[in-house]
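Model, not experiment: these values are computed from the prediction. Just so it is clear: chains get the letters A, B, ... in the order the sequence lines come, proteins before strands, and each one is counted from 1.
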Amino acid sequence: MIGSPDGRPRTRQTIARDVPEFDVHDLDQPTRAALAELLVTIADDEFVLGFWDSEWTGIAPMLEEDVAFSSLAQDEIGHARVLYEMIARLTGGDADDIAFGRPAEAYRHCRLVDHPRTDWAFSVCRRWLYDLADSIRLSALARSSFRPLADVVAKIRREETYHLMHMDAWMRRLASSGLDSRVRAKEALDTLWVDASTPFARLPDEALLIAAGILEGPLDGLADRHRDMATDFLRELDLQPLGAPSGTGGRQRPPVSTSFAWLWNEFTMVRRQDETATW
Amino acid sequence: MTGSRGSQAPPLEGRHEDAGRLGDGAQPDIWEVFRQEKDGDPLRHAGNVKAPDADLATHYARELFGRRQESVRLWVVPRSAIRDLSDPDLLQPPLDRSFKKPGGYVMRDKLAAARRRTEGQGS
């Protein structure tokens with residue numbers, strides 16, 4: 001939390017630097033609200049996954065991967081930070097309040113990232129499914145007519161491309177490293193597959209964003225591409241998951257899952273000790 | 001990671017076929033990483049990473065030696081590709097070699113004289 005006790009806007013230069021200047025009045029109020037809604041879903045996906053994956057810090061299978069996976073997790077939290085800052089600009093709020101100040105039931109992350117860390121194969125498979133979805137979502141957003149968003153997304157994509165390469169390499173390791181890792185990967189995929197399309201959950205006011213050119217088309221129109229790409233890759237590894245993705249719903253809450261309630265408690269713990277503290 | 005020369009026994013009497021034998025397929029290979037801090041700088045040895053293949057070695061090198069934007073270029077080299085040369089007969093031969101060093105020419109007095117001359121002509 002970046003605070004000033006006198007209640008002035010709590011904005012840090014290093015955050016603001018990544019968000020291009022824009023005039024919020026370029027968008028009408030309903031479109032602004034719809035855009036904030038879109039951004040908070042993406043930011044929450046990144047934020048929640050970042051915190052889940054950072055739970056591997058210190059206990060990943062090997063030192064190099066420990067550092068790398070933690071760094072990837074930090075990258076996701078960094079992407080969330082930029083998006084929360086953009087939301088704060090749109091809504092006149094504060095990025096840290098949005099990130100850490102909401103009750104657990106207000107987070108809008110998709111079901112794919114609503115599972116606990118589980119075992120290493122599970123975290124790798126989830127991360128890979130998510131990074132693939134994220135790359136597809138970001139490439140659509142990079143074509144947004146809302147320039148500040150397209151600019152921010154262009155920067156995020158440069159890191160995400162690398163994340164996906166890293167996870168592709170790990171999926172190949174799991175598939176080729178013996179029976180135990182194959183079995184665990186298969187179990188993880190069977191559990192996760194039903195939620196694989198949830199990053200593309202349709203938003204209530206999506207039509208406003210499409211009308212304004214902020215989105216090219218409905219988000220769930222991207223789900224097929226994700227499923228096809230994932231299926232092709234998994235077939236190559238002989239790791240086809242059971243069943244079919246259950247569709248793109250899955251940002252609706254409550255109830256809050258037990259695992260997310262635990263995670264929320266973890267990542268808000270320090271702030272809740274003293275919400276007025278200046279860091 | 002391993003220590004730069006760390007856990008590996010020193011090569012025996014310059015038999016460099018023993019160097020870089022850590023990667024036998026079962027154990028992850030060791031990759032030596034060199035990094036360039038800014039354009040135009042020499043590549044300097046940064047350390048090493050353990051990784052089962054070149055792709056992951058590249059990712060690990062990036063995370064361990066580049067995630068804080070401290071590098072503009074990395075070289076990732078399988079240790080097995082490095083010829084380890086430490087044979088004392090080649091590098092520290094026993095006979096007196098002082099005649100190969102650029103010593104023996106005492107420049108101090110000549111330099112001082114040259115400085116005096118140029119100061120005399122100077123501005």
Side-chain angles (χ1 to χ4, degrees), chain A residues 14 17-18 50 53-54 56-58 60-79 81-82 120-121 123-124 127-128 131 135 155-156 158-182 185 233 236-237, chain B residues 1-9 19-39 43-82:
Chain A
T14 52
R17 192 178 60 192
D18 286 322
D53 284 351
S54 68
W56 280 104
T57 302
M62 52 195 281
L63 176 62
E64 281 79 353
E65 187 58 36
D66 196 305
V67 174
F69 210 61
S70 301
S71 174
L72 263 55
Q74 280 184 328
D75 286 348
E76 300 299 16
I77 294 170
H79 300 164
R81 187 177 83 158
V82 177
W120 178 247
S123 282
V124 168
R127 176 87 210 203
W128 172 75
D131 280 344
S135 72
K155 288 183 189 169
I156 293 176
R158 288 177 60 183
E159 291 188 358
E160 290 291 353
T161 304
Y162 164 85
H163 289 186
L164 188 55
M165 285 164 58
H166 187 124
M167 298 323 295
D168 279 354
W170 257 102
M171 290 300 288
R172 291 200 169 90
R173 297 298 308 163
L174 288 179
S176 63
S177 298
L179 188 61
D180 185 47
S181 69
R182 281 191 67 84
F233 189 83
E236 184 195 319
L237 303 183
Chain B
M1 282 186 289
T2 65
S4 192
R5 312 233 351 130
S7 52
Q8 202 184 3
R21 287 272 299 276
L22 288 170
D24 60 359
Q27 286 295 314
D29 277 306
I30 296 191
W31 305 73
E32 298 296 339
V33 183
F34 299 81
R35 76 180 186 92
Q36 188 181 39
E37 200 165 296
K38 62 179 196 297
D39 194 33
L43 274 288
R44 291 193 172 88
H45 188 230
N48 48 50
V49 293
K50 261 188 191 176
D53 58 46
D55 285 341
L56 279 172
T58 307
H59 290 302
Y60 294 155
R62 185 257 192 179
E63 293 298 354
L64 282 143
F65 303 109
R67 73 182 182 283
R68 298 184 177 121
Q69 297 175 310
E70 67 271 46
S71 305
V72 297
R73 179 186 302 270
L74 297 176
W75 283 350
V76 185
V77 184
R79 185 183 276 180
S80 58
I82 294 175

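Between the A:E64 side chain and the B:K50 main chain, a donor and an acceptor come within less than 3.5 Å of each other. Of the possible polar contacts, none joining the B:S71 side chain to the B:G66 backbone as a donor-acceptor pair under 3.5 Å is found.
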Apply salt bridge (charged side-chain N to carboxylate O under 4.0 Å, His left out) to A:R173 and A:E65, showing your working. CA-CA 13 Å; A:R173 297 298 308 163; A:E65 187 58 36; over 6 Å; no
B:Y60 vs B:W31, ring pair (Phe, Tyr, Trp, His ring centres under 6.0 Å): CA-CA, chis, key distance, verdict: CA-CA 10 Å; B:Y60 294 155; B:W31 305 73; over 10 Å; no
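With a 4.5 angstrom heavy-atom cutoff, A:Q74 does not touch chain B via any of its atoms.
At a heavy-atom separation below 4.5 angstrom, chain B is approached by A:Y162, A:M165, A:H166, A:A169, A:W170 within residues 161-172 of chain A.
Applying the side-chain hydrogen bond (donor to acceptor under 3.5 Å, both in side chains) criterion to A:T57, with sequence neighbours excluded, gives A:S70.
For the side chain to side chain contact (heavy atoms under 4.5 Å, CB included) test with B:R35, the passing option among B:H45, B:E70, B:R44 is B:E70; the others fail.
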